[in-house]
Amino acid sequence: MKLVISEQESTAAIVNISGRQRMLSQRTALFANLLVTAPKSERVAIRQKLTESVDLMAASHQGLLHGDRSMGLPNTMSPKIKAIYYGGEQPLNQQVRTYINTVRALIATDNDKLGIDNPALRYITLTAPTILVSSLDKAVHQYQLEGEASIKQLEKAETALWILTLLLLSLEAILIFNPFIKHIKVVIDKLKNATDEILLNQETLEERIKQRTAELALRSKSLAESEQRLSILLNNTNIHMWAFDGKVFTYTNRQWFDFTGQNPEDTLTTEKWVSVVHPEDLTEAQKIWQVDFAQKSGHDHYFRLKRHDGVYRDFYCRVTPIKDEHGALLYLQGHNLDITERKKLEDEVRQLAFYDALTRLPNRRLLKDRLGQAMASSQRSSRYCALMFLDLDNFKPINDSYGHAIGDALLVEVANRIKSCIRQSDTVSRFGGDEFIVLLSILTADKEKSTQQAMRIAEKIRKALSAPYELSLNDADSKTAIKDVCSASIGVVIFTGHECNEEEILKRADDAMYLAKSAGRNQIHLDSKLI
């Protein structure tokens with residue numbers, strides 16, 4: 001009887017400790033997220049609480065596996081409990097040890113390296129509320145079932161004792177005059193005492209189980225609140241967080257479904273994923289499962305995703321492989337960050353750095369870069385290039401007579417006319433004020449033919465610019481319209497990359513332009529110096 005009662009006490013302790021393991025898994029997940037997101041001044045206290053929680057979780061796990069007298073835990077396991085802890089593809093023992101090691105790795109991480117993209121934090125965040133808590137629930141449920149079975153065994157033993165007691169009383173009545181009556185009474189008294197002790201211990205055991213059950217319910221409530229806070233944390237970030245096991249996306253937070261409009265009740269497959277990827281970016285997006293998962297590695301990706309209203313947004317995707325303590329790949333974890341606004345800002349900065357704000361033509365900095373590229377290409381291919389320096393002949397009088405707004409409109413029209421006369425591979429640049437540069441980057445290997453080709457283009461530009469201009473300007477109160485002529489003087493230089501440098505080319509084109517002005521303006525002058 002004492003053995004049965006002892007077993008019941010052990011069962012109550014096991015149910016309590018296993019339930020506490022479930023609570024500790026969620027508590028460590030919460031503290032792990034708080035450690036990363038909290039100010040540095042608060043991290044020492046949070047790190048201490050996280051350390052205490054994971055140490056308690058490790059000690060409890062050791063006791064459940066091998067027994068612990070101080071906790072009231074036996075050193076034996078039932079076959080079903082042993083199967084949960086050691087059997088299957090992902091035994092509970094392996095899950096708990098991997099989780100504890102990951103938490104301790106996060107605790108040991110320096111403050112400067114703590115961030116939402118920390119692999120240990122991502123593993124904790126995705127494992128605690130899903131795979132781990134499910135496995136722990138399964139163990140708790142099995143412990144409770146075995147506890148209930150033990151109580152039923154106790155009740156059967158009690159019933160057997162009562163029957164035996166009644167039989168002995170009957171025997172006493174039959175053998176009342178038997179010489180051994182005193183001996184039988186002693187036996188009956190012992191049986192009664194044993195029965196009383198069983199009843200007393202049963203009441204005590206039931207009270208303990210009731211108390212432990214109440215404690216477990218309270219801790220389950222606390223755990224539910226922790227899970228709710230963790231869920232809020234994951235679902236209120238502006239990042240799409242996901243996990244991929246090689247076939248499907250096993251976890252995706254709410255942001256993905258809010259963005260794409262897909263049904264969160266449906267399994268997110270690779271087909272559904274690529275259905276919202278821009279057609280031009282499919283190859284890059286598919287590298288997640290074709291390269292990252294196959295190679296068990298993580299990379300950065302950039303692609304566009306279609307929002308539920310049909311608008312494409314630019315995303316940066318960071319992929320990290322999550323492995324177990326033996327180095328085997330468990331799954332890929334990633335997050336998608338919307339960088340549309342940042343990319344627009346970068347494009348605007350680039351536009352300001354390399355393009356003229358008025359005409360949208362390459363500015364002097366970008367021209368010199370393309371001139372350097374043209375010279376390098378010419379040096380490799382031995383083909384000639386040409387550079388034209390254009391200056392408007394009578395821009396200043398027009399600008400002074402009609403105002404800067406008309407002058408700006410004239411410069412925009414000049415830029416458009418020049419662009420219409422050249423090839424797409426050539427470059428038109430506003431060099432400054434009313435000065436423009438035209439770079440013909442690829443001509444022929446024959447200098448004479450290249451010169452003829454460049455002069456034909458220069459003449460085409462000269463005629464286009466000398467045609468009358470009809471410009472208009474509307475403001476709130478009036479409308480200004482003019483018709484005027486503004487020709488250009490053009491200096492032309494033919495060169496190859498190994499014969500000169502950038503500054504010399506620009507200077508000789510500038511000198512040739514001034515000679516064209518001196519010849520009466522609206523002229524083209526070819527630099528005749530040997531380069």
Side-chain angles (χ1 to χ4, degrees), residues 20-62 95-133 136 215 218-243 251-256 258 298 300 315-323 325 333-339 341-342 345-346:
R20 184 173 67 188
Q21 287 292 79
R22 186 184 189 278
M23 179 195 69
L24 287 172
S25 68
Q26 306 308 301
R27 182 181 177 87
T28 52
L30 177 61
F31 279 137
N33 279 275
L34 290 176
L35 178 63
V36 171
T37 58
K40 290 185 178 180
S41 61
E42 300 177 8
R43 286 181 176 174
V44 173
I46 296 175
R47 200 185 297 270
Q48 178 62 31
K49 291 181 179 179
L50 181 56
T51 301
E52 293 172 357
S53 297
V54 76
D55 288 346
L56 180 58
M57 186 174 182
S60 299
H61 182 65
Q62 185 71 11
Q95 292 183 42
V96 174
R97 291 185 182 277
T98 301
Y99 182 80
I100 291 172
N101 291 337
T102 305
V103 173
R104 286 176 170 165
L106 180 67
I107 294 172
T109 303
D110 293 339
N111 281 335
D112 295 337
K113 295 182 180 180
L114 288 176
I116 59 174
D117 59 346
N118 185 283
L121 177 64
R122 289 194 296 270
Y123 178 83
I124 294 167
T125 300
L126 292 177
T127 302
T130 55
I131 302 173
L132 182 58
V133 75
L136 289 172
E215 292 175 359
L218 182 61
R219 291 173 181 176
S220 297
K221 180 181 178 182
S222 176
L223 174 61
E225 293 173 352
S226 298
E227 291 176 347
Q228 183 180 14
R229 287 194 293 268
L230 181 60
S231 177
I232 292 172
L233 180 66
L234 294 177
N235 287 320
N236 283 276
T237 176
N238 60 350
I239 300 174
H240 302 168
M241 300 181 66
W242 50 264
Y251 171 80
T252 308
N253 66 350
R254 191 183 64 197
Q255 276 63 28
W256 169 271
D258 290 346
D300 295 339
F315 278 85
Y316 158 71
C317 175
R318 179 71 180 274
V319 177
T320 303
I322 303 300
K323 302 177 181 179
E325 57 187 352
Q333 180 174 310
H335 64 267
N336 305 338
L337 179 63
D338 191 330
I339 60 170
E341 302 307 322
R342 188 184 77 183
L345 182 59
E346 290 174 350

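Position 1 is the first residue of the sequence; numbering continues from there. Values in this document were obtained by computation on a predicted structure and should not be read as measured data.
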Q. Closest approach of Val36 and Gly115, non-hydrogen atoms and distance?
A. CG1-C, 3.5 Å
Q | Residue pair His240 / Trp256: nearest heavy atoms and the distance that separates them | A | ND1-CE3, 3.7 Å
Q: Quick one: pull up CD1 in Ile100 and OG in Ser53 and give me the separation to the nearest 0.5 Å.
A: 11.5 Å
Q) Can you name the nearest heavy-atom pair linking Gly298 to Pro321, along with the distance? A) N-CD, 3.7 Å
Q: Measure the NZ-CG distance between Lys40 and Leu114 for me, rounded to the nearest 0.5 Å.
A: 9.0 Å
Q: Could you pull out the closest heavy-atom pair between Thr130 and Val133, with the gap in Å?
A: O-CG1, 3.4 Å
Q: Working to the nearest 0.5 Å, report the span between CD1 of Ile131 and CG of Leu136.
A: 12.0 Å
Q: Can you measure from NE2 (His61) to CZ (Arg97) and round to the nearest 0.5 angstrom?
A: 4.5 Å
(Q) Please check: side-chain N/O of Asn118 versus main-chain N/O of Ala120, any donor-acceptor pairing under 3.5 Å? (A) yes
Q: Can you see which heavy atom on Leu132 is nearest to which on Ser25, and at what distance?
A: CD2-CB, 3.8 Å
Q | Identified side-chain contact (heavy atoms from CB on, under 4.5 Å) partner of Arg43 from the options Leu50, Leu34, Leu35 | A | Leu35
Q.
Nearest 0.5 angstrom please: Met241 CE to Asn336 CG, how far?
A. 10.5 Å
(Q) Would you say that Phe31 contacts Val54 through its side chain, given a criterion of any heavy-atom pair below 4.5 Å between the two side chains? (A) no
Q. Would you say Asn111 and Arg47 make side-chain contact, with heavy atoms under 4.5 Å?
A. yes
Q | Cys317 versus Val319, closest heavy-atom pair with distance | A | SG-CG2, 3.8 Å
Q: Name the orientation class of the two ring planes belonging to Tyr99 and Tyr123 (parallel below 30°, tilted from 30 to 60°, perpendicular beyond 60°).
A: tilted
Q.
Donor-acceptor pair, distance only, cut-off 3.5 Å: does the side chain of Thr127 make one with the backbone of Ile124?
A. no
Q: Would you mind reporting whether Arg104 and Asp55 have side-chain heavy atoms less than 4.5 Å apart?
A: yes
Q.
Are Tyr316 and Ile239 packed together at the side-chain level, in the sense that at least one heavy-atom pair is separated by less than 4.5 angstrom?
A. no
(Q) Is there a side-chain contact between Arg20 and Leu56 in this structure, where contact means two heavy atoms from C-beta onward sitting under 4.5 Å apart? (A) yes
Q | Nearest-0.5 Å distance, OG1 of residue Thr98 to CD1 of residue Ile322 | A | 12.0 Å
